[in-house]
Amino acid sequence: MTAPAPFTSDLSVDELLVLDAAGWEPLEIVCGDCTYNPGRQASSPLRSKELNWVSDGLTKGQALAVQRMREQAAEAGADGVVGVRLSSTEDEVDGWGEPLHFTALGTAVRRRERPRGKRGEPFTSHLSGQDTWALTTAGRQPVGLVFGFSVYHARYEYKRLSDFSEMGALTEAFYSARELAMKRMQQQAKALSARGVVGVEVDMRITGGPTVRFSVLGTAITIAKDAPTLPEPRVGVSLNRRAF
Amino acid sequence: VTFGSTFSIAEFAFAREARLQPVAAVHGCDVSVLWHQLPVAGPGSAFGYRQRPVSVAPVPEIDAWFQGARSKVLAQICEQAAHAGADAVIDVQPLPPVIETSFEGLSKSLSGFPMMRRIIELQAVGTAVRGVGARSGVPRLSTLSAGDLWKLGRRGWIPAGIATASSFQFGTGALWAGSVAREVHGATAIWSAARRAAFDCLRTEARGLGAEGLVDVDMQVEHHHLEWEQSGLQYAGMLVGVNIVASAIARLGDAPAPTPVTTILTI
(Lines give C-alpha, C1' and ligand atoms only; values in the text may rest on other atoms or scores of the structure.)
Protein backbone atom coordinates (compact mmCIF):
# COMPACT_ATOMS: atom_id res chain seq x y z
CA MET A 1 0.00 0.00 0.00
CA THR A 2 1.44 3.40 -0.93
CA ALA A 3 1.67 6.10 1.70
CA PRO A 4 -0.88 8.91 1.35
CA ALA A 5 0.39 11.99 -0.43
CA PRO A 6 1.76 14.61 1.97
CA PHE A 7 -0.53 17.56 2.51
CA THR A 8 0.60 20.98 1.34
CA SER A 9 -0.64 24.03 3.18
CA ASP A 10 -0.32 27.76 3.34
CA LEU A 11 -0.84 27.52 7.11
CA SER A 12 1.44 28.64 9.91
CA VAL A 13 2.17 26.15 12.69
CA ASP A 14 -0.36 27.89 14.96
CA GLU A 15 -3.04 27.65 12.29
CA LEU A 16 -2.30 23.98 11.67
CA LEU A 17 -2.55 23.11 15.37
CA VAL A 18 -5.65 25.15 16.11
CA LEU A 19 -7.49 23.73 13.09
CA ASP A 20 -6.35 20.26 14.12
CA ALA A 21 -7.83 20.83 17.58
CA ALA A 22 -11.10 21.87 15.94
CA GLY A 23 -11.22 18.67 13.86
CA TRP A 24 -10.02 20.05 10.52
CA GLU A 25 -7.23 18.54 8.43
CA PRO A 26 -5.37 20.30 5.62
CA LEU A 27 -5.36 18.70 2.16
CA GLU A 28 -3.50 20.94 -0.25
CA ILE A 29 -2.79 24.47 -1.36
CA VAL A 30 -5.35 25.48 -3.94
CA CYS A 31 -4.89 28.38 -6.29
CA GLY A 32 -7.03 29.95 -8.99
CA ASP A 33 -5.56 32.22 -11.67
CA CYS A 34 -7.20 34.54 -14.14
CA THR A 35 -5.74 37.23 -16.40
CA TYR A 36 -8.55 39.59 -17.30
CA ASN A 37 -8.62 42.72 -19.42
CA PRO A 38 -11.26 45.03 -17.91
CA GLY A 39 -11.47 46.87 -21.22
CA ARG A 40 -11.38 50.55 -22.08
CA GLN A 41 -13.82 53.15 -20.92
CA ALA A 42 -13.66 56.85 -21.63
CA SER A 43 -14.17 59.49 -18.94
CA SER A 44 -14.83 63.21 -19.14
CA PRO A 45 -13.03 65.90 -17.11
CA LEU A 46 -16.41 67.63 -16.71
CA ARG A 47 -18.32 64.82 -15.06
CA SER A 48 -17.71 62.37 -12.22
CA LYS A 49 -18.92 58.86 -12.96
CA GLU A 50 -18.23 55.25 -12.21
CA LEU A 51 -16.22 53.37 -14.84
CA ASN A 52 -18.71 50.56 -14.53
CA TRP A 53 -17.24 48.38 -17.27
CA VAL A 54 -13.89 48.45 -15.51
CA SER A 55 -15.49 47.73 -12.11
CA ASP A 56 -17.33 44.85 -13.72
CA GLY A 57 -14.11 43.56 -15.33
CA LEU A 58 -12.32 43.55 -11.97
CA THR A 59 -15.20 41.66 -10.37
CA LYS A 60 -15.35 39.09 -13.18
CA GLY A 61 -11.58 38.49 -13.14
CA GLN A 62 -11.48 38.03 -9.37
CA ALA A 63 -14.61 35.84 -9.40
CA LEU A 64 -13.10 33.53 -12.02
CA ALA A 65 -9.93 33.10 -9.94
CA VAL A 66 -11.99 32.29 -6.81
CA GLN A 67 -14.21 29.90 -8.76
CA ARG A 68 -11.17 28.00 -10.11
CA MET A 69 -9.69 27.76 -6.63
CA ARG A 70 -12.98 26.39 -5.31
CA GLU A 71 -13.13 23.82 -8.14
CA GLN A 72 -9.66 22.56 -7.19
CA ALA A 73 -10.77 22.26 -3.57
CA ALA A 74 -13.89 20.31 -4.57
CA GLU A 75 -11.74 18.00 -6.66
CA ALA A 76 -9.50 17.38 -3.64
CA GLY A 77 -12.55 16.42 -1.55
CA ALA A 78 -12.40 19.50 0.69
CA ASP A 79 -15.16 20.96 2.83
CA GLY A 80 -13.69 24.44 2.58
CA VAL A 81 -10.78 26.71 1.79
CA VAL A 82 -9.35 28.82 4.62
CA GLY A 83 -6.85 31.68 4.73
CA VAL A 84 -7.63 32.74 1.16
CA ARG A 85 -5.46 35.58 -0.11
CA LEU A 86 -6.61 37.56 -3.12
CA SER A 87 -4.13 39.54 -5.15
CA SER A 88 -3.78 41.24 -8.51
CA THR A 89 -0.62 42.15 -10.42
CA GLU A 90 -1.38 45.68 -11.57
CA ASP A 91 -2.34 48.47 -9.23
CA GLU A 92 -2.91 51.15 -11.84
CA VAL A 93 -6.47 50.82 -13.09
CA ASP A 94 -7.80 53.93 -14.77
CA GLY A 95 -9.93 52.60 -17.58
CA TRP A 96 -7.29 52.19 -20.27
CA GLY A 97 -7.41 48.50 -20.88
CA GLU A 98 -4.36 46.98 -19.21
CA PRO A 99 -4.87 43.30 -18.38
CA LEU A 100 -4.62 42.38 -14.71
CA HIS A 101 -3.74 39.03 -13.28
CA PHE A 102 -5.93 37.86 -10.39
CA THR A 103 -4.94 35.15 -7.97
CA ALA A 104 -6.89 33.41 -5.20
CA LEU A 105 -4.76 31.15 -3.01
CA GLY A 106 -5.71 29.25 0.14
CA THR A 107 -5.55 25.91 1.94
CA ALA A 108 -8.21 23.28 1.23
CA VAL A 109 -9.37 21.65 4.48
CA ARG A 110 -11.65 18.76 5.39
CA ARG A 111 -13.59 17.90 8.53
CA ARG A 112 -12.08 14.73 10.01
CA GLU A 113 -15.21 13.15 11.47
CA ARG A 114 -17.35 13.83 8.45
CA PRO A 115 -18.08 10.65 6.45
CA ARG A 116 -16.31 10.29 3.14
CA GLY A 117 -18.47 10.46 0.07
CA LYS A 118 -20.22 13.20 -1.76
CA ARG A 119 -19.64 16.60 -0.27
CA GLY A 120 -21.30 19.86 -1.04
CA GLU A 121 -19.68 22.88 -2.58
CA PRO A 122 -16.66 23.85 -0.41
CA PHE A 123 -16.89 27.17 1.38
CA THR A 124 -14.20 29.81 0.90
CA SER A 125 -12.94 32.12 3.63
CA HIS A 126 -10.16 34.65 3.95
CA LEU A 127 -10.10 34.18 7.72
CA SER A 128 -7.00 32.72 9.35
CA GLY A 129 -6.96 29.32 11.08
CA GLN A 130 -7.33 31.04 14.46
CA ASP A 131 -10.30 33.09 13.28
CA THR A 132 -11.90 30.02 11.71
CA TRP A 133 -11.52 28.19 15.03
CA ALA A 134 -13.04 31.07 16.99
CA LEU A 135 -15.89 31.44 14.52
CA THR A 136 -16.84 27.75 14.35
CA THR A 137 -16.44 27.31 18.13
CA ALA A 138 -18.93 30.12 18.57
CA GLY A 139 -21.43 28.38 16.26
CA ARG A 140 -20.85 30.53 13.18
CA GLN A 141 -20.04 28.96 9.83
CA PRO A 142 -18.19 30.61 6.95
CA VAL A 143 -20.13 30.23 3.71
CA GLY A 144 -18.13 32.13 1.15
CA LEU A 145 -15.71 34.83 0.22
CA VAL A 146 -17.46 38.03 -0.86
CA PHE A 147 -15.94 41.11 -2.46
CA GLY A 148 -16.82 44.27 -4.28
CA PHE A 149 -14.98 46.67 -6.56
CA SER A 150 -15.70 50.15 -7.78
CA VAL A 151 -13.55 52.29 -10.05
CA TYR A 152 -14.79 55.88 -10.00
CA HIS A 153 -13.60 58.80 -12.08
CA ALA A 154 -13.66 62.24 -10.41
CA ARG A 155 -14.33 65.33 -12.51
CA TYR A 156 -11.59 67.93 -12.90
CA GLU A 157 -11.59 70.51 -10.13
CA TYR A 158 -9.61 73.70 -10.47
CA LYS A 159 -7.73 74.75 -7.33
CA ARG A 160 -5.18 77.48 -6.86
CA LEU A 161 -2.08 76.66 -4.84
CA SER A 162 -3.32 79.07 -2.18
CA ASP A 163 -6.64 77.23 -1.85
CA PHE A 164 -6.29 75.10 1.24
CA SER A 165 -9.63 73.46 0.82
CA GLU A 166 -11.22 70.10 0.36
CA MET A 167 -11.10 68.46 -3.07
CA GLY A 168 -14.85 67.99 -3.08
CA ALA A 169 -15.13 65.99 -6.30
CA LEU A 170 -12.49 63.54 -5.15
CA THR A 171 -14.09 63.12 -1.73
CA GLU A 172 -17.45 62.47 -3.41
CA ALA A 173 -15.80 59.94 -5.72
CA PHE A 174 -14.42 58.07 -2.70
CA TYR A 175 -17.84 58.07 -1.01
CA SER A 176 -19.58 56.86 -4.16
CA ALA A 177 -16.98 54.16 -4.87
CA ARG A 178 -17.16 52.93 -1.28
CA GLU A 179 -20.96 52.75 -1.32
CA LEU A 180 -20.98 50.84 -4.60
CA ALA A 181 -18.22 48.39 -3.57
CA MET A 182 -19.87 47.71 -0.18
CA LYS A 183 -23.27 47.27 -1.82
CA ARG A 184 -21.84 44.73 -4.28
CA MET A 185 -20.18 42.79 -1.47
CA GLN A 186 -23.45 42.72 0.48
CA GLN A 187 -25.33 41.56 -2.61
CA GLN A 188 -22.92 38.63 -2.94
CA ALA A 189 -23.48 37.78 0.74
CA LYS A 190 -27.24 37.94 0.25
CA ALA A 191 -26.97 35.59 -2.73
CA LEU A 192 -25.24 33.11 -0.41
CA SER A 193 -28.10 33.47 2.15
CA ALA A 194 -25.55 34.68 4.69
CA ARG A 195 -26.42 36.32 8.00
CA GLY A 196 -23.50 38.76 7.83
CA VAL A 197 -20.00 39.52 6.63
CA VAL A 198 -16.96 39.49 8.95
CA GLY A 199 -13.27 40.35 8.73
CA VAL A 200 -13.89 43.03 6.11
CA GLU A 201 -10.70 44.40 4.55
CA VAL A 202 -10.76 47.65 2.65
CA ASP A 203 -8.30 48.86 0.06
CA MET A 204 -8.56 52.22 -1.62
CA ARG A 205 -6.18 53.93 -3.96
CA ILE A 206 -6.10 56.82 -6.31
CA THR A 207 -4.64 56.63 -9.82
CA GLY A 208 -4.19 59.06 -12.70
CA GLY A 209 -7.27 60.79 -13.99
CA PRO A 210 -7.97 61.17 -11.09
CA THR A 211 -9.65 57.79 -10.64
CA VAL A 212 -10.47 56.12 -7.36
CA ARG A 213 -10.33 52.38 -6.96
CA PHE A 214 -12.14 50.95 -3.95
CA SER A 215 -12.15 47.26 -3.11
CA VAL A 216 -13.63 45.39 -0.18
CA LEU A 217 -13.25 41.77 0.84
CA GLY A 218 -14.95 39.78 3.58
CA THR A 219 -16.22 36.34 4.57
CA ALA A 220 -19.97 35.75 4.62
CA ILE A 221 -21.16 33.72 7.61
CA THR A 222 -24.27 32.00 8.89
CA ILE A 223 -25.23 31.68 12.56
CA ALA A 224 -26.54 28.43 14.07
CA LYS A 225 -29.79 28.68 16.04
CA ASP A 226 -28.28 27.51 19.33
CA ALA A 227 -24.91 29.13 18.84
CA PRO A 228 -22.61 28.61 21.85
CA THR A 229 -20.42 31.39 23.16
CA LEU A 230 -16.63 31.40 23.20
CA PRO A 231 -14.96 30.47 26.49
CA GLU A 232 -14.01 33.43 28.70
CA PRO A 233 -10.59 34.65 27.45
CA ARG A 234 -7.62 34.66 29.83
CA VAL A 235 -5.29 37.62 29.95
CA GLY A 236 -1.74 36.93 28.75
CA VAL A 237 1.39 38.99 28.31
CA SER A 238 3.45 38.08 25.26
CA LEU A 239 7.20 37.98 25.82
CA ASN A 240 8.00 37.00 22.25
CA ARG A 241 9.18 38.81 19.20
CA ARG A 242 7.12 36.33 17.23
CA ALA A 243 3.63 35.29 18.20
CA PHE A 244 4.15 31.70 19.42
CA VAL B 1 31.42 25.74 25.60
CA THR B 2 30.17 29.04 24.20
CA PHE B 3 27.32 28.58 21.76
CA GLY B 4 26.07 30.81 18.97
CA SER B 5 22.46 31.16 17.82
CA THR B 6 19.97 33.29 15.94
CA PHE B 7 17.42 32.90 18.77
CA SER B 8 15.57 35.63 20.54
CA ILE B 9 15.37 35.35 24.34
CA ALA B 10 11.90 33.78 24.14
CA GLU B 11 12.99 31.29 21.48
CA PHE B 12 15.98 30.36 23.61
CA ALA B 13 13.61 29.68 26.50
CA PHE B 14 11.42 27.51 24.26
CA ALA B 15 14.46 25.69 22.93
CA ARG B 16 15.31 24.65 26.50
CA GLU B 17 11.68 23.60 27.02
CA ALA B 18 11.84 21.55 23.82
CA ARG B 19 15.18 20.05 24.96
CA LEU B 20 17.04 21.58 22.05
CA GLN B 21 20.56 22.67 22.80
CA PRO B 22 21.86 25.47 20.56
CA VAL B 23 25.35 24.83 19.24
CA ALA B 24 26.22 27.45 16.63
CA ALA B 25 24.80 30.03 14.26
CA VAL B 26 25.31 28.79 10.70
CA HIS B 27 25.23 30.59 7.37
CA GLY B 28 25.13 29.58 3.71
CA CYS B 29 25.64 31.71 0.60
CA ASP B 30 25.71 31.23 -3.15
CA VAL B 31 26.21 33.73 -5.96
CA SER B 32 25.64 32.44 -9.48
CA VAL B 33 24.87 33.66 -12.97
CA LEU B 34 22.60 32.19 -15.65
CA TRP B 35 22.42 32.82 -19.38
CA HIS B 36 19.56 31.02 -21.01
CA GLN B 37 17.77 31.29 -24.34
CA LEU B 38 14.03 31.13 -23.80
CA PRO B 39 12.20 28.39 -25.73
CA VAL B 40 9.98 29.93 -28.40
CA ALA B 41 7.37 27.46 -29.55
CA GLY B 42 5.83 28.05 -32.98
CA PRO B 43 6.60 30.69 -35.60
CA GLY B 44 6.07 34.43 -35.27
CA SER B 45 3.48 36.33 -37.23
CA ALA B 46 3.89 38.84 -40.04
CA PHE B 47 0.47 40.24 -39.08
CA GLY B 48 1.26 40.80 -35.42
CA TYR B 49 1.62 38.53 -32.46
CA ARG B 50 -1.99 39.04 -31.43
CA GLN B 51 -3.13 36.53 -34.04
CA ARG B 52 -0.92 33.71 -32.78
CA PRO B 53 -2.30 30.96 -30.58
CA VAL B 54 -0.51 30.71 -27.24
CA SER B 55 2.15 28.05 -26.76
CA VAL B 56 3.41 27.38 -23.24
CA ALA B 57 6.65 25.58 -22.49
CA PRO B 58 8.51 24.89 -19.25
CA VAL B 59 12.03 26.23 -18.81
CA PRO B 60 13.63 23.41 -16.80
CA GLU B 61 17.09 25.00 -17.03
CA ILE B 62 15.98 27.96 -14.88
CA ASP B 63 14.18 25.63 -12.44
CA ALA B 64 17.30 23.50 -12.06
CA TRP B 65 19.49 26.57 -11.65
CA PHE B 66 17.33 27.92 -8.81
CA GLN B 67 17.06 24.53 -7.14
CA GLY B 68 20.82 24.08 -7.47
CA ALA B 69 21.57 27.45 -5.87
CA ARG B 70 19.24 26.71 -2.94
CA SER B 71 20.72 23.22 -2.51
CA LYS B 72 24.23 24.68 -2.28
CA VAL B 73 23.16 27.13 0.44
CA LEU B 74 21.40 24.43 2.44
CA ALA B 75 24.33 22.02 1.96
CA GLN B 76 26.73 24.62 3.40
CA ILE B 77 24.45 25.04 6.42
CA CYS B 78 24.29 21.25 6.87
CA GLU B 79 28.04 20.91 6.60
CA GLN B 80 28.71 23.60 9.20
CA ALA B 81 26.14 22.04 11.55
CA ALA B 82 27.59 18.55 11.15
CA HIS B 83 31.05 19.95 11.80
CA ALA B 84 29.77 21.54 15.03
CA GLY B 85 28.29 18.20 16.13
CA ALA B 86 24.67 19.29 15.71
CA ASP B 87 21.89 17.02 14.55
CA ALA B 88 19.57 19.71 13.21
CA VAL B 89 19.44 23.28 12.02
CA ILE B 90 16.29 25.14 12.95
CA ASP B 91 14.97 28.64 12.36
CA VAL B 92 16.56 28.60 8.88
CA GLN B 93 15.68 31.99 7.45
CA PRO B 94 16.51 32.87 3.86
CA LEU B 95 17.78 36.43 3.64
CA PRO B 96 16.17 38.54 0.90
CA PRO B 97 17.84 37.43 -2.35
CA VAL B 98 19.66 39.93 -4.51
CA ILE B 99 18.48 39.32 -8.06
CA GLU B 100 19.42 41.14 -11.23
CA THR B 101 17.52 40.19 -14.37
CA SER B 102 17.85 41.42 -17.91
CA PHE B 103 16.77 40.17 -21.33
CA GLU B 104 18.97 40.36 -24.40
CA GLY B 105 17.98 39.95 -28.04
CA LEU B 106 14.83 42.11 -27.89
CA SER B 107 16.23 44.78 -30.22
CA LYS B 108 15.57 44.65 -33.99
CA SER B 109 19.28 44.98 -34.60
CA LEU B 110 19.97 41.69 -32.83
CA SER B 111 19.00 38.38 -34.28
CA GLY B 112 17.93 35.42 -32.22
CA PHE B 113 15.32 34.72 -29.61
CA PRO B 114 15.38 36.40 -26.20
CA MET B 115 18.15 35.46 -23.86
CA MET B 116 17.63 35.73 -20.12
CA ARG B 117 20.59 36.89 -18.07
CA ARG B 118 20.27 36.61 -14.34
CA ILE B 119 22.57 37.01 -11.37
CA ILE B 120 21.37 35.84 -8.01
CA GLU B 121 22.77 35.93 -4.50
CA LEU B 122 21.07 33.56 -2.07
CA GLN B 123 21.82 33.53 1.64
CA ALA B 124 20.34 31.80 4.66
CA VAL B 125 21.07 31.75 8.37
CA GLY B 126 19.98 29.31 11.05
CA THR B 127 20.83 27.81 14.43
CA ALA B 128 22.49 24.40 14.66
CA VAL B 129 21.05 22.43 17.59
CA ARG B 130 21.35 19.07 19.28
CA GLY B 131 18.34 17.10 20.42
CA VAL B 132 16.17 16.55 17.33
CA GLY B 133 17.75 13.28 16.21
CA ALA B 134 19.53 12.95 12.88
CA ARG B 135 18.84 10.47 10.09
CA SER B 136 21.92 8.98 8.40
CA GLY B 137 24.16 11.44 10.20
CA VAL B 138 22.85 14.36 8.13
CA PRO B 139 21.45 17.23 10.20
CA ARG B 140 17.75 17.88 9.65
CA LEU B 141 16.73 21.31 8.46
CA SER B 142 13.70 23.35 9.32
CA THR B 143 12.57 26.92 8.79
CA LEU B 144 10.50 26.64 11.96
CA SER B 145 11.38 28.41 15.19
CA ALA B 146 12.08 26.65 18.49
CA GLY B 147 8.62 27.67 19.70
CA ASP B 148 6.89 26.21 16.65
CA LEU B 149 8.87 22.96 16.97
CA TRP B 150 7.98 22.74 20.66
CA LYS B 151 4.29 23.13 19.86
CA LEU B 152 4.44 20.63 16.98
CA GLY B 153 6.36 18.17 19.17
CA ARG B 154 3.52 18.17 21.69
CA ARG B 155 1.21 16.92 18.91
CA GLY B 156 3.67 14.27 17.74
CA TRP B 157 5.14 16.14 14.77
CA ILE B 158 8.87 16.34 14.04
CA PRO B 159 10.75 18.36 11.39
CA ALA B 160 11.46 16.37 8.23
CA GLY B 161 13.47 18.88 6.22
CA ILE B 162 13.06 21.86 3.94
CA ALA B 163 11.18 21.33 0.69
CA THR B 164 11.85 23.72 -2.18
CA ALA B 165 10.38 24.05 -5.66
CA SER B 166 10.86 26.19 -8.73
CA SER B 167 8.82 26.38 -11.89
CA PHE B 168 9.32 28.76 -14.80
CA GLN B 169 6.99 28.70 -17.81
CA PHE B 170 7.41 30.73 -20.97
CA GLY B 171 4.51 31.35 -23.32
CA THR B 172 4.30 33.11 -26.66
CA GLY B 173 1.30 34.24 -28.71
CA ALA B 174 -1.89 36.21 -28.09
CA LEU B 175 -1.23 37.56 -24.60
CA TRP B 176 -2.91 40.95 -24.88
CA ALA B 177 -6.62 41.53 -25.25
CA GLY B 178 -6.72 44.99 -26.84
CA SER B 179 -9.68 47.13 -25.83
CA VAL B 180 -12.18 44.30 -25.44
CA ALA B 181 -13.16 43.34 -21.89
CA ARG B 182 -12.46 39.63 -21.62
CA GLU B 183 -10.24 37.02 -20.07
CA VAL B 184 -6.79 36.67 -21.61
CA HIS B 185 -6.81 32.87 -21.66
CA GLY B 186 -3.23 32.53 -22.91
CA ALA B 187 -1.80 34.50 -19.99
CA THR B 188 -3.99 32.62 -17.50
CA ALA B 189 -2.66 29.35 -18.96
CA ILE B 190 0.98 30.39 -18.38
CA TRP B 191 0.31 31.41 -14.75
CA SER B 192 -1.65 28.22 -14.04
CA ALA B 193 1.01 26.00 -15.62
CA ALA B 194 3.79 27.61 -13.56
CA ARG B 195 1.84 27.31 -10.32
CA ARG B 196 0.71 23.72 -10.96
CA ALA B 197 4.23 22.54 -11.84
CA ALA B 198 5.66 24.22 -8.72
CA PHE B 199 3.08 22.56 -6.44
CA ASP B 200 3.73 19.15 -8.08
CA CYS B 201 7.48 19.62 -7.58
CA LEU B 202 6.91 20.63 -3.94
CA ARG B 203 4.81 17.56 -3.24
CA THR B 204 7.44 15.30 -4.82
CA GLU B 205 10.14 16.92 -2.67
CA ALA B 206 8.02 16.44 0.46
CA ARG B 207 7.45 12.79 -0.38
CA GLY B 208 11.19 12.34 -0.92
CA LEU B 209 11.80 13.74 2.57
CA GLY B 210 9.37 11.21 4.03
CA ALA B 211 7.10 14.07 5.12
CA GLU B 212 3.40 13.96 5.82
CA GLY B 213 2.81 17.62 5.34
CA LEU B 214 4.15 21.08 4.62
CA VAL B 215 3.74 24.24 6.66
CA ASP B 216 5.28 27.70 6.76
CA VAL B 217 5.20 28.02 2.97
CA ASP B 218 6.98 31.02 1.45
CA MET B 219 6.03 31.53 -2.21
CA GLN B 220 7.60 34.17 -4.47
CA VAL B 221 6.11 34.81 -7.91
CA GLU B 222 7.60 36.86 -10.75
CA HIS B 223 6.47 37.66 -14.27
CA HIS B 224 8.06 39.41 -17.25
CA HIS B 225 6.42 40.59 -20.51
CA LEU B 226 8.64 40.54 -23.62
CA GLU B 227 8.10 41.73 -27.19
CA TRP B 228 10.59 41.38 -30.03
CA GLU B 229 10.92 41.07 -33.79
CA GLN B 230 13.01 38.70 -35.83
CA SER B 231 13.28 38.40 -39.63
CA GLY B 232 10.25 40.65 -40.05
CA LEU B 233 8.08 38.53 -37.77
CA GLN B 234 6.67 39.82 -34.50
CA TYR B 235 6.72 37.91 -31.25
CA ALA B 236 5.36 38.48 -27.76
CA GLY B 237 6.00 36.36 -24.72
CA MET B 238 5.56 36.15 -21.00
CA LEU B 239 7.76 34.41 -18.47
CA VAL B 240 6.18 33.41 -15.15
CA GLY B 241 8.27 31.97 -12.33
CA VAL B 242 7.23 30.48 -8.99
CA ASN B 243 9.72 29.76 -6.20
CA ILE B 244 8.59 28.03 -3.02
CA VAL B 245 10.34 27.19 0.25
CA ALA B 246 8.43 25.22 2.93
CA SER B 247 9.02 23.23 6.09
CA ALA B 248 8.27 19.52 5.86
CA ILE B 249 6.94 17.74 8.96
CA ALA B 250 6.37 14.09 9.78
CA ARG B 251 4.50 12.18 12.49
CA LEU B 252 6.46 10.39 15.19
CA GLY B 253 4.15 7.55 16.20
CA ASP B 254 0.51 8.12 17.09
CA ALA B 255 -0.65 11.67 17.62
CA PRO B 256 -1.38 12.57 21.24
CA ALA B 257 -4.77 14.08 21.98
CA PRO B 258 -4.88 17.76 21.07
CA THR B 259 -4.40 20.25 23.87
CA PRO B 260 -7.62 22.20 24.44
CA VAL B 261 -7.34 25.66 22.93
CA THR B 262 -7.42 28.51 25.42
CA THR B 263 -8.43 31.96 24.28
CA ILE B 264 -6.02 34.58 25.52
CA LEU B 265 -6.40 38.30 25.47
CA THR B 266 -2.82 39.39 24.77
CA ILE B 267 -1.54 42.62 26.26
Side-chain angles (χ1 to χ4, degrees), chain A residues 3-18 20-23 26 28-29 31-41 53-54 56-57 60-61 64-65 68 87 89 96-97 99 101 103 105 130 133-134 137 230-244, chain B residues 8-11 13-14 144-145 147-152 154-155 157 163 175-188 190-192 195-196 199 202-203 206-207 209-217 219 221 223 246-250 255 258-267:
Chain A
F7 69 80
T8 56
S9 80
D10 191 36
L11 304 172
S12 66
V13 167
D14 286 346
E15 286 179 300
L16 175 76
L17 296 178
V18 84
D20 181 48
E28 62 180 52
I29 296 177
C31 183
D33 285 296
C34 177
T35 303
Y36 203 94
N37 181 9
R40 291 188 181 184
Q41 188 168 8
W53 294 353
V54 183
D56 192 43
K60 281 180 179 161
L64 280 168
R68 284 163 191 167
S87 57
T89 50
W96 287 105
H101 186 77
T103 299
L105 184 143
Q130 291 91 328
W133 174 85
T137 306
L230 273 177
E232 188 71 23
R234 293 167 61 187
V235 176
V237 180
S238 173
L239 300 175
N240 308 318
R241 267 197 320 207
R242 292 181 183 185
F244 281 153
Chain B
S8 66
I9 302 294
E11 280 175 291
F14 267 105
L144 300 174
S145 67
D148 281 343
L149 289 171
W150 177 75
K151 283 180 286 188
L152 282 172
R154 287 167 64 87
R155 287 289 290 133
W157 293 100
L175 298 170
W176 280 265
S179 59
V180 183
R182 66 176 173 93
E183 183 177 5
V184 189
H185 291 281
T188 302
I190 302 169
W191 280 89
S192 302
R195 200 105 55 180
R196 200 167 40 243
F199 288 149
L202 193 68
R203 209 185 273 274
R207 196 177 274 131
L209 290 165
E212 287 172 53
L214 294 168
V215 289
D216 199 28
V217 170
M219 179 159 55
V221 182
H223 64 111
S247 247
I249 53 174
T259 312
V261 176
T262 307
T263 48
I264 297 177
L265 192 64
T266 308
I267 296 175

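Throughout, protein chains are lettered first and strands after them, A, B, ... in sequence-line order, and every chain is numbered starting at 1.
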Worksheet item: Checking heavy atoms, do the side chain of B:Arg203, its backbone, both or neither come under 4.5 Å from chain A?
Response: both

Practice prompt. Measure B:Ile9 against the heavy atoms of chain A and call it side chain, backbone, both or neither at under 4.5 Å.
Written response: neither

Testing the basics here: between [X] and [Y], what is the closest heavy-atom pair and its distance to 0.1 Å?
{"X": "B:Arg207", "Y": "A:Ala5", "value": "NH2-CB, 3.3 Å"}
{"X": "A:Thr35", "Y": "B:Ala187", "value": "OG1-CB, 3.4 Å"}
{"X": "A:Pro38", "Y": "B:Ala181", "value": "O-CB, 3.5 Å"}
{"X": "A:Pro6", "Y": "B:Ala211", "value": "CB-O, 3.5 Å"}

Item to complete: Keeping the roles fixed (side chain from B:Arg182, backbone from A:Tyr36), state whether a donor-acceptor pair exists under 3.5 Å.
Response: no

Worksheet item: Does any N or O in the side chain of B:Thr188 come within less than 3.5 Å of the main-chain N or O of A:Asp33, such that one atom is a donor and the other an acceptor?
Response: no

Fill in: A:Lys60 with B:Glu183: basic N within carboxylate O range, under 4.0 Å
no

What distance separates [X] [atom1] from [Y] [atom2], expressed to the nearest 0.5 Å?
{"X": "B:Leu214", "Y": "A:Leu11", "atom1": "CG", "atom2": "CG", "result": "11.0 Å"}
{"X": "A:Glu15", "Y": "B:Asp216", "atom1": "CD", "atom2": "CG", "result": "10.5 Å"}
{"X": "A:Ser12", "Y": "B:Leu144", "atom1": "OG", "atom2": "CG", "result": "10.0 Å"}

Worksheet entry | Verdict with supporting geometry, B:Met219 and A:Leu105, side-chain contact (heavy atoms from CB on, under 4.5 Å) | CA-CA 11 Å; B:Met219 179 159 55; A:Leu105 184 143; 2.8 Å; yes

Item to complete: May I ask you to decide if the ring planes of B:Trp157 and A:Phe7 are parallel, tilted or perpendicular, using 30° and 60° as cut-offs?
Response: perpendicular

Discussion item. Only pairs of heavy atoms separated by less than 4.5 Å count here; which of A:Cys34, A:Ala21, A:Gly57 has the most with chain B?
Written reply: A:Cys34

Worksheet, complete the sentence: Interface check, chain B: of A:Thr103, A:Thr137, A:Val18, most non-hydrogen pairs under 4.5 Å belong to A:Thr103

Practice prompt. Run the numbers on A:Thr8 and B:Phe199 for side-chain contact (heavy atoms from CB on, under 4.5 Å), then give the verdict.
Written response: CA-CA 8 Å; A:Thr8 56; B:Phe199 288 149; 5.9 Å; no

Practice prompt. Would you please test A:Arg68 and B:Ser192 for side chain to side chain donor-acceptor pair (under 3.5 Å) and show each step?
Written response: CA-CA 10 Å; A:Arg68 284 163 191 167; B:Ser192 302; over 6 Å; no

Worksheet entry | Candidate pair B:Val184 and A:His101, rule side-chain contact (heavy atoms from CB on, under 4.5 Å), full reasoning | CA-CA 9 Å; B:Val184 189; A:His101 186 77; over 6 Å; no

Worksheet item: Top residue by heavy-atom pair count (under 4.5 Å) with chain A, among B:Val217, B:Val215, B:Leu202?
Response: B:Val215

